Amino acid sequence: KQEVTQIPAALSVPEGENLVLNCSFTDSAIYNLQWFRQDPGKGLTSLLLIQSSQREQTSGRLNASLDKSSGRSTLYIAASQPGDSATYLCAASPSGAGSYQLTFGKGTKLSVIP
Amino acid sequence: DGGITQSPKYLFRKEGQNVTLSCEQNLNHDAMYWYRQDPGQGLRLIYYSQIVNDFQKGDIAEGYSVSREKKESFPLTVTSAQKNPTAFYLCASSIGRTPQHFGDGTRLSIL
């Protein structure tokens, strides 16, 4: 059974710093890997989705990488801002026809200090 | 704008009572999902539906029921058999098999 781990559980950085969030998964047979943002009391917003055949995806100040062989993904945030403060979740989608079940990590709570 | 609407935002359940959480989408997505989120835990899948009139159990379906009579709607009923219903419930939808669009959630508590 797939397990997804995110370390650290919480991270606090000063504004302007570049940072990396980590996600590891136990089963490399994934269809894709997705990073989400969750603000307190809100739903999830999809940030980046990396297909299994891709190595990275970029959107603005965000860059996500995927290394299936090592079971790792990272989310890089450049020039962090207080508005980036939120919980970041990664989720792995299994390979195999018709499989709809994402496995989520517990998230990393990011605080960006002005 | 297209999106997913969950209602109500807050819901309280009495002992022995069934309650229904609403999820409506106007994205024309075929697949819809219900997740449960508990503090300090990842999201867990309750039920999902790939098409109208069809749905499958997820990892924690016991004590819950769903229906999918319309493409736009996927209501979740939390039955009295669910002994620990207090949680944040999230509905999602997708065109393919990877949910990317989520509602803003319903927080359910026990009175």
Side-chain angles (χ1 to χ4, degrees), chain A residues 1-10 21 23-26 29-54 57 59 64 66 73 86-109, chain B residues 3-10 21 23-25 27 29-51 54-61 66 68 74 87-109:
Chain A
K1 183 179 178 182
Q2 178 75 276
E3 293 183 6
V4 177
T5 304
Q6 293 185 248
I7 296 174
L21 304 181
C23 172
S24 62
F25 46 94
T26 55
I30 62 171
Y31 182 64
N32 57 49
L33 192 290
Q34 189 166 187
W35 283 92
F36 293 91
R37 169 184 173 138
Q38 186 175 30
D39 293 294
K42 296 289 188 179
L44 276 62
T45 299
S46 179
L47 298 173
L48 291 165
L49 184 149
I50 312 175
Q51 299 293 351
S52 62
S53 58
Q54 298 174 320
Q57 282 284 344
S59 176
L66 175 63
S73 177
T87 297
Y88 291 81
L89 300 161
C90 68
S93 177
S95 61
S99 181
Y100 284 69
Q101 299 204 29
L102 291 183
T103 301
F104 283 85
K106 296 180 179 181
T108 294
K109 185 175 182 179
Chain B
I4 299 176
T5 301
Q6 290 188 242
S7 62
K9 190 172 178 65
Y10 300 96
L21 285 61
C23 177
E24 303 279 332
Q25 56 102 355
L27 298 165
H29 287 173
D30 288 319
M32 297 185 74
Y33 313 76
W34 275 106
Y35 289 90
R36 170 178 172 143
Q37 187 175 34
D38 295 280
Q41 294 206 35
L43 275 70
R44 293 180 290 170
L45 183 65
I46 304 173
Y47 271 99
Y48 66 101
S49 168
Q50 300 175 42
I51 56 173
D54 185 57
F55 47 84
Q56 285 78 40
K57 294 181 179 180
D59 295 325
I60 55 168
V66 294
R68 186 87 187 276
F74 192 39
F88 190 51
Y89 291 86
L90 288 163
C91 179
S93 71
S94 66
I95 297 175
R97 70 186 211 192
T98 303
Q100 291 182 260
H101 299 267
F102 282 76
D104 274 343
T106 292
R107 188 166 299 280
L108 176 62
S109 303

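Treat the numbers as computed from the prediction; the structure is a model and nothing was measured. Chain letters run A, B, ... following the sequence lines, proteins first and then strands; every chain starts at 1.
- With a 4.5 Å cut-off on non-hydrogen atoms, B:Leu90 touches chain A through its side chain but not through its backbone.
- Between chain B and the residues A:Thr103, A:Leu89, A:Leu49, the most heavy-atom pairs under 4.5 angstrom are made by A:Leu49.
- In this structure, chain B has no heavy atom under 4.5 Å from any part of A:Gln6.
- Atom NZ of B:Lys9 is surrounded by more than 12 heavy atoms from other residues, nucleotides or ligands within 6.0 Å.
- For B:Gln100, the parts lying under 4.5 angstrom from a heavy atom of chain A are both the backbone and the side chain.
- The two residues B:Phe88 and A:Gln38 come nearest to each other via the heavy atoms CE2-NE2, 3.9 Å.
- In plain terms, the two heavy atoms of B:Thr98 and A:Ser93 that are nearest each other are OG1-OG, 3.8 Å.
- More than 12 non-hydrogen atoms from other residues, nucleotides or ligands lie less than 6.0 angstrom from CD of B:Gln56.
- Most heavy-atom pairs under 4.5 Å with chain A, from the set B:Gly40, B:Gly58, B:Ser94, B:Ala31: that is B:Gly40.
- Under the 4.5 Å side-chain criterion, counting only non-hydrogen atoms from C-beta, A:Leu44 is not in contact with B:Tyr35.
- Contacts between B:Gln37 and chain A at a heavy-atom distance below 4.5 Å involve the side chain alone, from C-beta outward.
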